[in-house]
Amino acid sequence: MLEVLRINLCSPISLAFVLGLFARIIRSELSLPRELYASLSIYLLLALGLKGGVELSHASMAELAWPAVVTLLLGVITPCTAYLVLRRIGRFSIADSAGIAAHYGSVSAVTFIAAQQFVQTLGFPAEGFMPTLLTLLESPGIHVALGIGAVQTARMASQPRADGSPPVERRPLKEVLHEVLTARSMILLVGGLACGFVMGEKGYEPVKPFFEGMFKGALTLFLLEMGLAAGARLGDLKSTGLFLLAFGMIMPILHGSLGVFLGHWAGLSIGGATVLGAMAASASYIAAPPAVRMTLPEANPTLYLTAALAITFPFNIVLGIPIYFQLARMLAGGS
Amino acid sequence: MLEVLRINLCSPISLAFVLGLFARIIRSELSLPRELYASLSIYLLLALGLKGGVELSHASMAELAWPAVVTLLLGVITPCTAYLVLRRIGRFSIADSAGIAAHYGSVSAVTFIAAQQFVQTLGFPAEGFMPTLLTLLESPGIHVALGIGAVQTARMASQPRADGSPPVERRPLKEVLHEVLTARSMILLVGGLACGFVMGEKGYEPVKPFFEGMFKGALTLFLLEMGLAAGARLGDLKSTGLFLLAFGMIMPILHGSLGVFLGHWAGLSIGGATVLGAMAASASYIAAPPAVRMTLPEANPTLYLTAALAITFPFNIVLGIPIYFQLARMLAGGS
Amino acid sequence: MLEVLRINLCSPISLAFVLGLFARIIRSELSLPRELYASLSIYLLLALGLKGGVELSHASMAELAWPAVVTLLLGVITPCTAYLVLRRIGRFSIADSAGIAAHYGSVSAVTFIAAQQFVQTLGFPAEGFMPTLLTLLESPGIHVALGIGAVQTARMASQPRADGSPPVERRPLKEVLHEVLTARSMILLVGGLACGFVMGEKGYEPVKPFFEGMFKGALTLFLLEMGLAAGARLGDLKSTGLFLLAFGMIMPILHGSLGVFLGHWAGLSIGGATVLGAMAASASYIAAPPAVRMTLPEANPTLYLTAALAITFPFNIVLGIPIYFQLARMLAGGS
Amino acid sequence: MHTVPLTLLTIIGEGLLRERLITEIERAGAKGYTITECSGSGSRHRRVGELLGENMKLECVVSPEVADKLLGILSEEYFPHFAVIAYLSPVSVIRGDKYV
Amino acid sequence: MHTVPLTLLTIIGEGLLRERLITEIERAGAKGYTITECSGSGSRHRRVGELLGENMKLECVVSPEVADKLLGILSEEYFPHFAVIAYLSPVSVIRGDKYV
Amino acid sequence: MHTVPLTLLTIIGEGLLRERLITEIERAGAKGYTITECSGSGSRHRRVGELLGENMKLECVVSPEVADKLLGILSEEYFPHFAVIAYLSPVSVIRGDKYV
Ligand SMILES: Nc1ncnc2c1ncn2[C@@H]1O[C@H](COP(=O)(O)O)[C@@H](O)[C@H]1O
Ligand SMILES: Nc1ncnc2c1ncn2[C@@H]1O[C@H](COP(=O)(O)O)[C@@H](O)[C@H]1O
Ligand SMILES: Nc1ncnc2c1ncn2[C@@H]1O[C@H](COP(=O)(O)O)[C@@H](O)[C@H]1O
Ligand code: NA
Ligand code: NA
Ligand code: NA
């Protein structure tokens, strides 16, 4: 385990993240241009999709079926457990509980990629169809949690305006769904998968140096920015309290273990189960925040952004992934 | 022909374009940062120029002469045919006809690149000096069309102001020429050609992984953005009318065939003739729009932008290039 | 010497710089997006650091000691010589002299990289720990020069405000130091060195295609932008006068020769001494300008920006580096 | 030139609200608007373009009535939950009918 | 502080006009200007930074006379063909002679 | 809506001054501010985002007293050495106590 941890800590990904964190802690002016951040995330998601699509063309439906089912299951269970823990034990308001739960029900693409790279480095590559599972896990959790929030606050019943017109905010659920399904990350991932699937190995060949050769380097740069973003939130840790700190590290272990178990049960390899565990354990900080902000404006953004970005993300990158891997290996050994 | 079409449709370039188009049609929020778009276009033009320059150092003046002559000829003929068709058959206003003609008289660098990649994939690489022809075709068509517009409207005779000073807009032709010749795309292409020529194979070697290895991947990303831009214009198709829709697909076939014929006649290979055809068939959406907007402000931008970007560009990428290739192959077979 | 000059002039780096310069001279609208410039400089500095860190893990403290000492020495001597020449011979004001001296006491990372590439191309690679020296030379010169300026003008004694509060500008020296030490370029270089050191060859392997394979191409693009920036300052040459023009070319030769001598004396190879010479000869245009602007607002920015960017930078890239190389070779031959 | 006095309504706040606020002002009768990206700080802390995006400034030239109506909507439905401020300033335009 | 009343002229429109409008205002006597990138919508449809580029906002502090002269030029030569609007607002500055 | 008259202070100048100016206005009593990137030209030549960075526009809604105090500081300590201008304009806000 210690050796696994050491390898993980000395990877360019972890080091870049730590460098970013460190730069913020010593209050350096270093910052990546916003457009570079956006460009890198577009590149990473599209590359992930393309590669996944090319590999998907080799996979059979049968292989995919059970993993897909357990992934969707995770998308329903994790927002509920997160909500219950926050509301009952943490005593957060309904809006705050639902808002944070939406983040933990969804998934962080970078955590996914980091887990994928990690198991590959150790010689246990995950299944080629994992990016497909990633797309399945992205949105259900957000909707489940926002649904809980809506039902609990009965917020939908807000009054029409003096002149009889409905307030702009009261958007039909269809609209929210459309927004999440057509979100940038969805289009790039699903679109990439489709394009990769259609072009196949042969079409992929000429663009491989760009989308595969550069991938790890681009990811390193991206994690520098993630470190900077997480570092900027460290100061908020004081105001968010000890409970959230514990939540942000224990919840991932619970969700991650569940993910590993279900993945193993569904027939995934050690690498695949590890990655599914990391997905379940991760909290979204791309898709969830705007959806929550617009639908549950009463929820305090500091809470969910800090938990997802400054606690759970680094926890998973540094400690979580090796733990899920260890667990997956134990399970595989025992089966 | 069908096989050629299939190969073209399953290439990363076409698929990325379709993905962009699709994202706009389902009203996704996906958009590439403007700076990424600008960076990619700078990269593509410079890479094109450098590569072309390195290869130009192997070419003899004699080989280049006739192809250059027919290229310039195309730069004079195509804006005139486009203008006449628009004005006489389409019954567009003088300004609109001249404005659209300026776009079809110039050339789209991305269409050029797509054609180049296409013939290369099929094993019929175009001549190394093609980028030189691209630079020759970029500006004449714009000037010819704007000249026609100016003469026809006698717009140059606008009144001086009350205080006797001339209006700012009345710019001497020299200025317009300077603008087009020093435009970004010109500098990058011509400058790249010159740099590539001077550095030669040996100087090019160390930067090859960047400028050549990444080229197709970067092009794929660029076409995603082109698809988004074209998709944003699809809605305007309704207001621009059926005639422009037909024009945007038939004119390229005519200009493209002419280009292939002249290219073949001037001694170009099958690949070279195909690329020259694609150049003649293509409509500019980088150099032409601002020149037309500033010189012929009465022309409706919706018309020329929609025709060039939402009709002719996709038509060429998906159908046109394979057609010009088929034609070039027939000509070569019959000669 | 002539052959060395020719090789240098036909390198992609020099050619791209000249292209940028040329584009500005003919008043082209070409410009790189600011974010691309920022992204490239982040990439170059981080890549430089990482590579240097990986190689540092092979170096012994003993090898590094003397080169580090002479580098720090250069950081103290060069701002003083520059100040004296400017103040005594050039008759510049105290603020202007100190401001310009701060630039010549610090170092230009791009000049460093260009020198490194140059000696490598010629088969005389510099020591792997050179980036470490670069970080040592970045800040001392700025502080020495600003210190001279502060002492000479006794500017620190400015009056408190009417209401008794101190003016915002009067920052304790600790703050200025913090700013320079945590500046973007410092974090990226030093951070990159540390990360590279920790990850070692094995961790570096997967990100090498990105950080090493793309390096020269990215540098080429960056020099295009440098050419544009230098070209934009050419017009100011008229107002800055002949003395500064001479200063911007003679000072680098003096500082460069001193650097080569000290480097040779400290045991550096021909390549290493050349690079140390180029570092000493170069003038900073990243770290120094904002520090000088904020601390010595009376100093005229046109003077220091034009000298550093439009005179000394191109001089070093085109002529200086080959000269320092020639000198280093002579010294090595004579020893 | 003959100018007409109108009101410039400036709304500054979280960029996420962009589409929603555009819908609001168009429904209230604004004939156009201009949006600028910005950053800033107020009672709800410094906001400088993090994960939830930058601030934006939305400006529209409208009649005093439309401005008043929009201020009402903003203060009731936006000020409580979102980081938003709004203010009015007097402007003079030519072709006043373009804006009302 | 002693302040002087002057006029702030704001011109919003297609970014392509940048150089031409700068020439206009300098010829009319403006001593400085500030340009911001923006996007927007008006009678000539939504313009959000497509192929013809974004909108821009050009602001200059000028004397009322210069402002009036510029409004005249804009309304005659620019409003008919280009997507442009302009408005005036009252401002107070110190060192008033800097602007006239 | 019931609105309160306040003052909008606009400061335009070198982007490098950002942090220093924020400190100034906060010390003077401003409760918030908004910053926009811009470029421009004035008596100290055209400045378009070169090595020393672009210009910035800092806007804050404040009481007339705070505005006056800030104009004083600016004109004494900033106008002589830095490329900066500042002007005041009248605005109306609701929830006026938020700004003072
Ligand atoms: N009422 C308005 N308020 C604020 N900005 C406007 C308004 N109308 C137009 N604009 C801006 O001016 C540009 C040109 O307007 P137009 O000529 O009406 O298309 C638009 O793209 C907007 O940025
Ligand atoms: N007094 C002020 N002057 C200028 N802008 C302000 C002021 N107060 C707030 N803002 C802007 O309005 C946004 C939201 O303010 P708030 O709701 O107070 O957090 C801030 O992020 C600032 O951009
Ligand atoms: N008359 C003006 N109107 C609008 N902005 C101005 C004016 N004069 C100067 N500026 C802005 O203020 C900055 C500094 O001006 P200056 O100190 O005159 O060089 C310029 O770069 C412009 O952005
Ligand atoms: Na999760
Ligand atoms: Na054409
Ligand atoms: Na130096």
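First the proteins, then the strands, lettered A, B, ... as listed; each starts at 1. The analysis underlying the following values was restricted to heavy atoms, covering all of them including side chains, and did not include hydrogens, waters or symmetry mates.
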Quick one: closest heavy-atom pair of [X] and [Y], and the distance?
{"X": "A:Leu15", "Y": "C:Met199", "result": "CD1-CB, 3.7 Å"}
{"X": "A:Ala23", "Y": "C:Ile187", "result": "CB-CG2, 3.9 Å"}
{"X": "C:Gly192", "Y": "A:Leu19", "result": "N-CD2, 4.3 Å"}
{"X": "C:Val198", "Y": "A:Cys10", "result": "CG1-SG, 3.8 Å"}

To the nearest 0.5 Å, what is the distance between [atom1] ([X]) and [atom2] ([Y])?
{"X": "A:Leu32", "Y": "C:Glu35", "atom1": "CG", "atom2": "CD", "result": "11.5 Å"}
{"X": "C:Met186", "Y": "A:Glu29", "atom1": "CE", "atom2": "CD", "result": "11.5 Å"}
{"X": "A:Ile7", "Y": "C:Lys202", "atom1": "CD1", "atom2": "NZ", "result": "6.0 Å"}
{"X": "C:Cys195", "Y": "A:Leu224", "atom1": "SG", "atom2": "CG", "result": "8.5 Å"}

Please tell me if the side chains of [X] and [Y] come closer than 4.5 Å, counting only heavy atoms from C-beta onward.
{"X": "C:Pro209", "Y": "A:Met214", "result": "yes"}
{"X": "A:Thr121", "Y": "C:Pro206", "result": "no"}
{"X": "C:Thr182", "Y": "A:Leu30", "result": "no"}
{"X": "A:Leu219", "Y": "C:Phe210", "result": "no"}

Report summary line: The interface call for A:Ser11 against chain C, heavy-atom contacts under 4.5 Å, is neither

Query - Part of A:Leu9 within contact of chain C (heavy atom distance under 4.5 Å) - result: neither

**Report entry** When C:Ala47, C:Ala183, C:Ala38 are compared by non-hydrogen pairs under 4.5 Å with chain A, the top option
**Finding:** C:Ala183

Requested in this report: Answer with side chain, backbone, both or neither: which region of C:Leu36 has an atom nearer than 4.5 Å to a non-hydrogen atom of chain A?
Outcome: neither

